[in-house]
Amino acid sequence: MCSGTGWRMIPVEQRGKTVERATRCECIRKQQGDQLLVSARIPRRYRHCELSNFEHEGPFRSLAKAHMASLRFVEEFPLENAGLLLTGPIGCGKTHLAVGIAKELISQKNTACLFYDYRELLKEIQNSFNASVQVTEMEVLRPVFEADVLVLDELGAAKPTEWVWDTVAHILNTRYNDKRTTIITTNYVDQPSVGAEPDTKRRTSREDTLGDRIGDRMLSRLHEMCRVVRVEGEDFRMKYKSASLR
């Protein structure tokens, strides 16, 4: 349509006359979107994920509320810059929704998004401490700090240590202070840590909360940064995908 110039002429009404005015061709917007999609680092496993193909009807109707919240988030961004904390059991579609939101923001609003698995990010930061690796800690963290929207998948999945807590606090506090939007998924219950329990059997048998995994202070900060969306559903991978393989 534009012969590769990036501009095309469109007819417009001006003072009762039809004149032609130059406007950006759609191919430029598509090129920008393609570049942003590559920069988003979405893993191949999740590249098919869209909000439009997220199952939320019939046997999956319990997921309709989370799907609606995701659509509303895209519609309201960037006027509403609060992020999302997607919580729920394993395999219920949290990552699908998070990736679908990122792809919609890229295609509709040319938003710079970045996807990171929580454990992978921590490993990359740790690797930067190795003298043989030609990348610094700040080179790893800069895109994480500066992305308009960061998707942080599987928060809390790494074993909690003081270093892990400090690193998570550094990332989330920096984005909070810079008013950057963060979308987080986690399999852990959105509750503070229970603390030291006198009953050893109870302490070892109960499931960890998100407060246990990232610390209560950062859990409180997450509630300032994000709206909590509970993704209710069964493990889709176990119940439906494994059944289809049989």
Side-chain angles (χ1 to χ4, degrees), residues 29 32-33 35-43 46 69-87 94-95 97-129 135-158 160-186 188 190 192 210-211 213-229:
R29 182 176 176 181
Q32 292 173 339
Q35 292 169 358
L36 287 172
L37 196 57
V38 171
S39 300
R41 294 173 47 110
I42 295 171
Y46 303 123
S70 301
L71 293 172
R72 187 167 61 249
F73 177 89
V74 173
E75 182 181 347
E76 294 175 352
F77 184 86
L79 296 179
E80 174 57 66
N81 66 359
L84 292 179
L85 174 60
L86 302 171
T87 71
K94 300 182 297 297
T95 303
L97 286 174
V99 170
I101 290 170
K103 291 173 76 172
E104 286 295 317
L105 292 175
I106 290 170
S107 64
Q108 291 187 25
K109 304 188 177 183
N110 273 8
T111 303
C113 300
L114 180 64
F115 179 101
Y116 252 113
D117 178 271
Y118 175 67
R119 291 157 297 190
E120 180 186 349
L121 177 56
L122 293 175
K123 285 180 181 178
E124 286 194 22
I125 296 171
Q126 285 179 322
N127 287 340
S128 70
F129 302 151
V135 63
T136 66
E137 180 184 7
M138 187 48 63
E139 286 174 330
V140 175
L141 287 173
R142 185 175 293 112
V144 175
F145 291 156
E146 296 179 355
D148 292 334
V149 175
L150 172 68
V151 176
L152 192 57
D153 194 38
E154 300 274 15
L155 180 65
T161 65
E162 287 296 328
W163 179 82
V164 168
W165 284 10
D166 289 345
T167 303
V168 174
H170 184 37
I171 292 169
L172 295 181
N173 280 327
T174 299
R175 292 189 59 81
Y176 175 78
N177 291 333
D178 292 342
K179 295 185 177 181
R180 304 280 189 184
T181 300
T182 308
I183 300 173
I184 292 169
T185 76
T186 183
Y188 293 94
D190 176 33
L210 189 55
R213 304 298 291 189
I214 66 170
D216 289 341
R217 181 175 297 179
M218 286 319 304
L219 180 62
S220 176
R221 175 52 50 86
L222 276 186
H223 286 181
E224 294 181 65
M225 297 174 61
C226 302
R227 296 195 303 245
V228 180
V229 175

Notebook entry, point to check: CG of L105 to CD1 of I101: how many Å apart, nearest 0.5 Å?
Noted result: 7.5 Å
Next item on the list: Over all heavy atoms of both residues, which pair between L36 and A112 is shortest? Give the atoms and the distance, please.
Entry: CD2-CA, 3.9 Å
Next item on the list: Can you measure from NZ (K179) to CE (M225) and round to the nearest 0.5 angstrom?
Entry: 13.0 Å
Checklist line | Interatomic distance, Y116 atom OH to L121 atom CG [nearest 0.5 angstrom] | finding: 6.0 Å
Checklist line | Heavy-atom closest contact (R119 atom, D117 atom, distance) | finding: N-OD1, 3.0 Å
Check: If every non-hydrogen atom of L114 is compared with every non-hydrogen atom of P143, which pair is closest and at what distance?
Finding: CD2-O, 3.6 Å
Item checked: Shortest non-hydrogen separation from S128 to V140 and the atoms involved -> CB-CG2, 4.4 Å
Checklist line | Nearest non-hydrogen partners of L37 and K103, listed with the distance | finding: CD1-CG, 4.0 Å
Checklist line | Pair E120 + R41, salt bridge at N-O below 4.0 Å | finding: yes
Next item on the list: Just grab all the side-chain hydrogen bond (donor to acceptor under 3.5 Å, both in side chains) pairs involving residues 163-174, residues at least two apart or on different chains.
Entry: N173-R221
Note to self: Evaluate I184 against L172 for side-chain contact (heavy atoms from CB on, under 4.5 Å), listing each step before the verdict.
What the structure shows: CA-CA 11 Å; I184 292 169; L172 295 181; 4.3 Å; yes
Item checked: From CA spacing to verdict: side-chain contact (heavy atoms from CB on, under 4.5 Å), L222, L155 -> CA-CA 11 Å; L222 276 186; L155 180 65; 3.6 Å; yes
Margin query: Contact between T186 and Y118 at the side-chain level, heavy atoms closer than 4.5 Å - yes or no?
Written below: no
Item checked: Gap separating the CG atom of L150 from the SG atom of C113, nearest 0.5 angstrom -> 9.5 Å
Next item on the list: Drop me the distance from E104's CD to T111's OG1, to the nearest 0.5 angstrom.
Entry: 11.0 Å
Next item on the list: Could you tell me whether the side chain of R180 and the main chain of R175 form a donor-acceptor pair under 3.5 Å?
Entry: no
Please tabulate, one pair per line, all N/O donor-acceptor pairs under 3.5 Å involving side-chain atoms of residues 69-87, not counting sequence neighbours.
from, atom 1, to, atom 2, distance (Å)
S70, OG, A66, O, 3.0
E80, OE2, A82, N, 3.0

Next item on the list: Report yes or no: do T185 and D153 form a side-chain donor-acceptor pair below 3.5 Å?
Entry: yes
Note to self: For R227, I'd like to know if atom CZ has over 12 heavy atoms of other residues, nucleotides or ligands within 6.0 Å.
What the structure shows: yes
Next item on the list: Let me see the working for F115 and T95 under side-chain contact (heavy atoms from CB on, under 4.5 Å), right down to the final yes or no.
Entry: CA-CA 10 Å; F115 179 101; T95 303; 4.1 Å; yes
Notebook entry, point to check: For S39, what residues pass the side chain to side chain contact (heavy atoms under 4.5 Å, CB included) criterion, not counting sequence neighbours?
Noted result: none
Notebook entry, point to check: Which heavy atom in R213 sits nearest to a heavy atom in A158, and how many Å separate them?
Noted result: NH2-O, 3.2 Å
Next item on the list: Report the distance from atom CG of L97 to atom CD1 of I183, rounding to the nearest 0.5 Å.
Entry: 10.0 Å
Check: Would D148 and T181 count as a side-chain contact (heavy atoms from CB on, under 4.5 Å) if you check the C-alpha gap in whole Å, the side-chain angles of each, and the deciding distance to 0.1 Å?
Finding: CA-CA 6 Å; D148 292 334; T181 300; over 6 Å; no
